[in-house]
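Letters A, B, ... mirror the listed sequences (proteins, then strands); counts begin at 1. From a predicted model like this one, the values you see are computed outputs, not experimental measurements.
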Protein chains: 2
Amino acid sequence: MSLHSRYHHGDLRAALLQHAEAALRTVGADGLSLRQLARDTGVSHAAPSRHFRDKQALLDALAVSGLERLGDCFEQAVTAGPITTRLQTFARAYLRFALDNPELLPLMFARRHSSTDTEIQAAAERAFAIPIALIAEGQAAGEIVPGDPKRLGVTALAAVQGLATFVGSGYTADYDSEQLLDDLVRHMTLGLLPRS
Amino acid sequence: MSLHSRYHHGDLRAALLQHAEAALRTVGADGLSLRQLARDTGVSHAAPSRHFRDKQALLDALAVSGLERLGDCFEQAVTAGPITTRLQTFARAYLRFALDNPELLPLMFARRHSSTDTEIQAAAERAFAIPIALIAEGQAAGEIVPGDPKRLGVTALAAVQGLATFVGSGYTADYDSEQLLDDLVRHMTLGLLPRS
DNA sequence: ACCTGAACACCGTTCAAGT
DNA sequence: ACCTGAACACCGTTCAAGT
């Protein structure tokens with residue numbers, strides 16, 4: 001085994017990201033180590049720094065790829081039918097993604113420290129544009145109350161996001177998550193106040 | 001300065017927790033170091049292990065104290081008046097707490113790894129019982145739709161929790177957080193579907 | 001251009017020993 | 001009972017040197 005064979009002659013950045021996603025699932029964000037990641041990928045511990053300035057840059061890259069995958073889920077959740085079932089399909093897709101990627105969501109919603117992290121911001125914008133478009137459609141058909149569709153979409157998405165947080169925390173362990181989601185969608189669409 | 005003076009002859013556990021909360025605000029959960037915490041408190045780096053088995057135990061203790069403080073906020077948010085303003089008062093209190101303690105919330109809603117963390121669970125139960133009681137009151141007065149008040153409360157609390165997550169992430173930087181909360185409460189109470 | 005290997009300053013955790 | 005100080009195995013980050 002020559003010294004040359006230790007070189008990773010491919011797309012090291014992509015390889016690191018792939019191994020990082022796997023490590024995120026097994027050891028979590030806190031347990032993720034750049035040195036272990038380098039070992040997994042078969043390069044020296046200093047090699048990742050060529051592609052990710054520091055550990056935060058790697059976590060940010062994971063957040064971007066997570067937001068892109070969430071966008072894919074949203075695209076697959078676009079259906080026809082009555083507005084309530086269309087909304088519910090989106091909500092289900094979001095909740096499923098959140099529960100399937102519990103370590104990824106905190107990265108996607110991490111507090112941006114300094115300047116606006118344009119890359120993450122753009123990826124989030126793209127993903128959330130899909131359900132927001134549904135809101136706008138529903139409004140055009142008179143099926144949803146009027147108002148800025150983006151503002152309205154954010155409140156609806158936030159509700160599902162928050163439910164995922166509660167379910168993930170285990171505070172609602174005595175309830176079924178799908179039933180809670182059904183309740184959430186019903187309360188969000190019909191309202192908590194009686195419809196006389 | 002005798003060797004004896006390095007001993008912390010008081011409630012070291014409480015002192016550690018107090019410094020840990022301050023450190024959480026300044027350097028965040030990731031930046032929090034047990035060794036630095038020991039230095040801040042004036043004890044050896046091994047002393048904290050007597051009171052917190054490991055770093056996770058310290059973070060869990062911070063979560064418990066955070067949930068207790070959230071409970072205090074909820075208690076102060078108990079008011080009289082129409083049901084919508086009472087709900088809004090709770091929602092405002094929750095959002096304010098979440099935005100004022102951005103580093104604490106992820107700890108409070110951290111994924112429980114193994115067995116049910118009974119202490120955290122109990123603290124959460126106590127805090128959330130207060131808004132849930134309001135839901136039950138509203139239902140008794142016929143002001144809120146029927147259903148299990150706990151299930152209903154979780155969905156309502158989740159909505160606010162999710163909004164805090166969105167606002168904290170910066171995805172809604174172009175909107176005012178209080179206005180978003182007003183929208184959320186209105187949509188949650190009246191519903192997204194037109195009231196014909 | 002890309003990676004290595006050594007070096008530096010930090011960690012969390014453990015444990016015999018001290019008071 | 002409570003704390004110290006040394007020890008161990010790990011980190012993230014930097015940088016001259018190699019190919």
Side-chain angles (χ1 to χ4, degrees), chain A residues 1-63 103 106-107 110 113-114 117, chain B residues 1-63 103 106-107 110 113-114 117:
Chain A
M1 169 163 172
S2 73
L3 288 172
H4 231 120
S5 75
R6 289 221 54 182
Y7 272 63
H8 188 280
H9 284 129
D11 191 347
L12 178 55
R13 199 193 125 96
L16 287 169
L17 269 179
Q18 195 176 330
H19 281 97
E21 282 186 15
L24 196 66
R25 283 188 154 70
T26 54
V27 296
D30 288 357
L32 206 161
S33 142
L34 284 178
R35 290 178 97 110
Q36 183 61 50
L37 180 61
R39 267 176 244 127
D40 293 344
T41 317
V43 292
S44 83
H45 65 260
S49 72
R50 288 283 141 191
H51 302 276
F52 303 103
R53 193 163 26 76
D54 52 21
K55 192 177 177 178
Q56 188 58 50
L58 173 68
L59 296 178
D60 287 352
L62 286 174
E103 301 286 351
L107 301 184
H113 346 61
S114 48
D117 217 308
Chain B
M1 168 164 174
S2 73
L3 288 173
H4 232 119
S5 74
R6 289 221 54 183
Y7 271 64
H8 189 278
H9 284 128
D11 192 346
L12 179 55
R13 199 193 124 97
L16 288 169
L17 268 179
Q18 194 176 330
H19 281 96
E21 282 186 16
L24 196 65
R25 281 189 156 69
T26 54
V27 296
D30 288 357
L32 207 162
S33 142
L34 284 178
R35 290 179 98 111
Q36 182 61 48
L37 180 61
R39 267 176 245 129
D40 294 344
T41 317
V43 291
S44 82
H45 66 260
S49 73
R50 287 284 140 192
H51 303 277
F52 303 103
R53 194 164 26 76
D54 53 20
K55 192 177 177 179
Q56 188 58 49
L58 173 68
L59 296 178
D60 287 353
L62 286 174
E103 301 286 351
L107 301 184
H113 346 59
S114 48
D117 217 307

Could you tell me how far apart [X] ([atom1]) and [N] ([atom2]) are, to the nearest whole angstrom?
X     : N      : atom1 : atom2 : value
B/F52 : D/dC2  : CZ    : C1'   : 15 Å
A/L32 : D/dC10 : CG    : P     : 17 Å
B/K55 : D/dC11 : NZ    : C1'   : 11 Å
A/H45 : C/dG5  : NE2   : P     : 9 Å
A/L58 : D/dC11 : CG    : P     : 14 Å
A/D11 : C/dC3  : CG    : P     : 10 Å
B/D54 : C/dC11 : CG    : P     : 17 Å

Minimum heavy-atom distance [X]-[Y], with the two atoms named:
X     : Y     : answer
B/A15 : B/T41 : CB-CG2, 3.9 Å
A/H19 : A/D40 : NE2-O, 3.6 Å
B/L16 : B/P48 : CD1-CA, 3.8 Å
A/A61 : A/R13 : CB-NH2, 4.2 Å
B/A47 : B/L12 : CB-CD2, 4.2 Å
B/L62 : B/E21 : CD2-CG, 3.4 Å

When you measure from the side chain of [X], which nucleotide among [options] comes out closest?
X     : options                : value
A/H51 : C/dC11, C/dC3, D/dC3   : C/dC3
B/A47 : D/dG12, C/dT13, D/dT4  : D/dT4
B/R35 : C/dG12, D/dT4, C/dA7   : C/dG12
A/S33 : C/dT14, C/dG12, D/dC11 : D/dC11
A/S44 : D/dT14, D/dT4, C/dT4   : C/dT4
A/R50 : C/dC11, C/dC2, D/dC3   : C/dC2
A/L34 : C/dC2, D/dT13, D/dT14  : D/dT13

For DNA chain D, the expected dot-bracket line (Watson-Crick or G-U under 3.5 Å, [ ] crossing, | inter-strand) is ||.|||||...|||||.||
Donor-acceptor check, side chain of A/S33 to backbone of A/R35, threshold 3.5 angstrom: yes or no? yes
Please determine if a side-chain N or O atom of A/R39 lies less than 4.0 Å away from the OP1 or OP2 oxygen of D/dC11. yes
Closest-nucleotide mapping onto DNA chain C: is B/R53 or A/S49 further toward the 5' terminus? I mean the 5' end. A/S49
